[in-house]
Amino acid sequence: MSDKSLILDLFMGKKVITEKDIPLVLTTQVKDNVTVEEALVATKFATEEDIAKSYCDYFKVPFITNDEMVKMAEKSFELARLLPERFARANKVIPLEKTEDTIRIAVINPSEIFIVQEIYLYTGLKVQLAVGTISAIVNALNTLYGARDEVKELATGLLPSKGGGVEDEEELLDLNKPIPVTRETQVVLFVNKMFETAIQQRASDIHIEPYAEEIRIRFRVDGILNEIPPPPKSMFVPLISRIKILSKLDIAEKRVPQDGALTMRYNDAKIDVRVSTCPTVYGEKMVMRILNKAKLPLDFEKLGFYKAQLNSFIKGINCPNGLIYVTGPTGSGKSTTLYTALQMLNSPEKNIMTVEDPVEYKFHGINQVQVKPKVGLTFQGALRSFLRQDPDIIMLGETRDAETAEICLRAALTGHLVLSTLHTNDALSAVSRLEDMGIEPFLLASTLRVVEAQRLVRRLCNNCRQAYTPTMEMIKKYGFSETDTLYTHVGCEQCNGLGYKGRIGLYEVIFISAALADMIQRREPLPALTAQAKREGFKFLFDVGIDKVKEGATSLEEIVTVAAVGE
């Protein structure tokens, strides 16, 4: 943001204006929504040339006349591609000329040092400043980018782009586009390479963490964080600033957490990245969630459901009303399961509405609402609004409290199908959790259709997994037979030495039968519900995990770690 007092101080020092004139200038600035320089011209205290030459004298930078500016702009069409039009217009900057490692820029106010930093991060070039008048720079912008027809912009802004969306192509980070390898483009190159490597390694998150003497960068691959070689500590600030600019965050704000997003193009795919910063004692930690919709397996069989489980789940989501709960810890794939269900249910005949925090993946035909507590848009508020929007199916990202649970129940009782998530260790624990939230058992018994629990376990690398025969202790403890062939992880080049590559789901799907509903209404304890579910043939997480071990899909160590019997 501009140092708005500098030009006023300069003119007061020259006795062009007095202390009494300042309120008129500032009032004009606010009323007309203009810069302080434009307000000085509007109030006739100074001309554009007076302002430009005052800045030139103060900062010892050259002045570019109107004629020179237009002539240089006419030769700068190639340079204009280095800066996004939106950035150039918003900050009134004109690229004038470029040498091997330097770009010369005309500005109105040279004190705006953050503009210089952003230009460096966009171009990788050193920045030299010159000063021009306001009208000269606006004319040069129109020469470079075309005169603005604001009415036309507003009208066309309401129409979809050729691709069917409203995405601004200049805001896209194109990883396919080559960047000249020079010392000045080191940060841009590192950021692009970091994203490219993360995508190639199937990373779900990138962590950038500052410490006293170093930076640590880690990729979360298949649920496990792995370090990659970091750049020198001196690159930390420009690295964070580069990503902040791409994700439209305030590069000057380092004291409070910020959230943003950016979109990348890699090969033929567009990939969204959710960016979050958090101040730490050594600087800002940044975490980026990579959301590659093309890799989202929106197919129940690809997710790892067994046929009997899938039949029970589909039977539940095809009910015209009721509650469907998906349970599990953070990062266990609950949202993916819900999105898969919604995609199966999505049709022009149904009004599907979701409220999420955040909306990670966007789907055509589904009305998705992002929670915004700062403006009063909460889960509860959105749900109440949904009930007046004639919905057929409602999806709630998470049932967090008693009030939300009651609204979900009310929606289910009034003829809607409601899907949501809970944090519980197993499927039937959802019943106890909802009762603890104050839901009456007789109401729960009449509305609950399916409770499902899930975990994600790492899949063994087929190239290097090693076979072995279970020991007698394993046979007794886990129910293997002497003829079973089990596999353990080893590690090779294809799996980066981890022994695992990719993940599969373990699912526990309980359809609420008449017998289970009757037991819930009578407040039967969890062990009794579990016993009844077993009698009805439903498989539990650990049993499903043992089946995956017998199939050679994962290792016993992974199942014991992720889905232990104690749960």
T447 side-chain N/O to L443 backbone N/O, donor-acceptor pair under 3.5 Å: yes

Cation-pi geometry met for K293 and F363 (6.0 Å, 45°): yes

With L345 as reference, evaluate I366, I317, I314, D392 under the side-chain contact (heavy atoms from CB on, under 4.5 Å) test and give the passing residue. I317

Would the distance check show the side chain of D250 and the main-chain N or O of A252 forming a donor-acceptor pair, the cut-off being under 3.5 Å? yes

Set out, in order, the CA-CA distance, both residues' side-chain angles and the distance that settles side-chain contact (heavy atoms from CB on, under 4.5 Å) for L377 and V369, then state yes or no. CA-CA 9 Å; L377 182 55; V369 174; 3.8 Å; yes

Just by modelled atom types, is the T277 backbone N or O under 3.5 Å from a matching donor or acceptor in the D259 side chain? no

Is it the case that T488 and S555 place a side-chain donor and acceptor less than 3.5 Å from each other? no

Side chains of E360 and Y339 only: does a donor on one sit below 3.5 Å from an acceptor on the other? no

Flag the pair D222 / L456 as yes when at least one side-chain heavy-atom distance between them is below 4.5 Å, and no otherwise. no

Do the side chain of K285 and the main chain of T280 share a donor and acceptor less than 3.5 angstrom apart? no

Please check if the side chain of T554 supplies one atom and the backbone of V457 the other of a donor-acceptor pair under 3.5 Å. no

Exercise: do Y325 and T399 side chains pair donor with acceptor under 3.5 Å: yes

For the residue pair Y487 and Y468, is the inter-centroid distance of their aromatic rings smaller than 6.0 Å? no

Please test L498 against I224 for side-chain contact (heavy atoms from CB on, under 4.5 Å), starting from the C-alpha separation and ending with a verdict. CA-CA 10 Å; L498 298 174; I224 306 296; over 6 Å; no

A side-chain contact here means heavy atoms from C-beta on lying under 4.5 Å apart; do V191 and F195 qualify? yes

Pair E536, S513 - check side-chain hydrogen bond (donor to acceptor under 3.5 Å, both in side chains), show working. CA-CA 9 Å; E536 294 183 15; S513 62; 2.7 Å; yes

Could you tell me whether the side chain of I199 reaches within less than 4.5 Å of the side chain of L175, counting heavy atoms only? yes

Just by distance, do the side chain of H416 and the backbone of A411 share a donor-acceptor pair under 3.5 Å? yes

Does a donor on one side chain and an acceptor on the other come within less than 3.5 Å for Q380 and D401? yes

Are R255 and E253 close enough for a salt bridge, meaning some N to O gap below 4.0 Å? yes

Scan side-chain atoms only and decide if E349 and S347 contain a donor-acceptor pair under the 3.5 Å cut-off. yes

Looking at every non-hydrogen atom in both residues, tell me the closest pair between L428 and A533 and how far apart they are. CD1-CB, 4.0 Å

Note: E284-K244 ion pair, threshold 4.0 Å (strictly below): yes

Could you tell me whether K539 sits above the aromatic face of Y507, with NZ or CZ closer than 6.0 angstrom to the six-membered ring centre and within 45 degrees of the axis? no

Least distance between heavy atoms, H489 atom then Y500 atom: ND1-OH, 3.3 Å

Under 3.5 Å, is there a donor-acceptor pair between the side chain of H423 and the main chain of G328? yes

Please determine if R289 and D205 form a salt bridge, counting it only when a charged side-chain N lies under 4.0 Å from a carboxylate O. yes

Under 4.5 Å between any side-chain heavy atoms of Q370 and E356, yes or no? no

Is there a donor-acceptor contact under 3.5 Å from the side chain of E508 to the main chain of L541? yes

Might you point out which heavy atoms bring G415 and N321 nearest each other, and give the distance in Å? C-CB, 3.6 Å

Would you say the side chain of V431 lies within less than 4.5 Å of the side chain of L444, judging by non-hydrogen atoms? yes

Thinking salt bridges, do E557 and R458 make one under a 4.0 Å N-O criterion? no

Which is it for L460 and E558 under the side-chain contact (heavy atoms from CB on, under 4.5 Å) test, yes or no, and what are the steps along the way? CA-CA 10 Å; L460 282 168; E558 187 76 357; over 6 Å; no

What heavy-atom pair brings E398 and T404 nearest, and what distance separates the two atoms? O-CG2, 4.4 Å

What's the verdict on side-chain contact (heavy atoms from CB on, under 4.5 Å) for E452 and I510, showing C-alpha distance, side-chain angles and the deciding distance? CA-CA 6 Å; E452 183 255 301; I510 312 293; over 6 Å; no

Tell me whether K534 forms a cation-pi arrangement with F540, defined as NZ or CZ under 6.0 Å from the six-membered ring centre and within 45 degrees of its axis. yes

Can a donor-acceptor pair be found, under 3.5 Å and without considering hydrogens, that links the side chain of S420 to the backbone of L396? yes

Got a salt bridge between E209 and R216, using NZ or NE/NH1/NH2 to carboxylate O under 4.0 Å? yes

Main-chain N/O of L249 paired with S247 side-chain donor or acceptor, under 3.5 Å: no

I need the minimum non-hydrogen distance between A517 and I512, along with the two atoms involved. N-CG2, 3.9 Å

Quick one: closest heavy-atom pair of S432 and L526, and the distance? OG-CB, 4.4 Å

Using a 4.5 Å cut-off on heavy atoms from C-beta on, say whether the side chain of V287 contacts that of I206. no

Does a donor on one side chain and an acceptor on the other come within less than 3.5 Å for T337 and Q454? yes

For a 4.5 angstrom cut-off between non-hydrogen side-chain atoms, does K476 reach E473? no

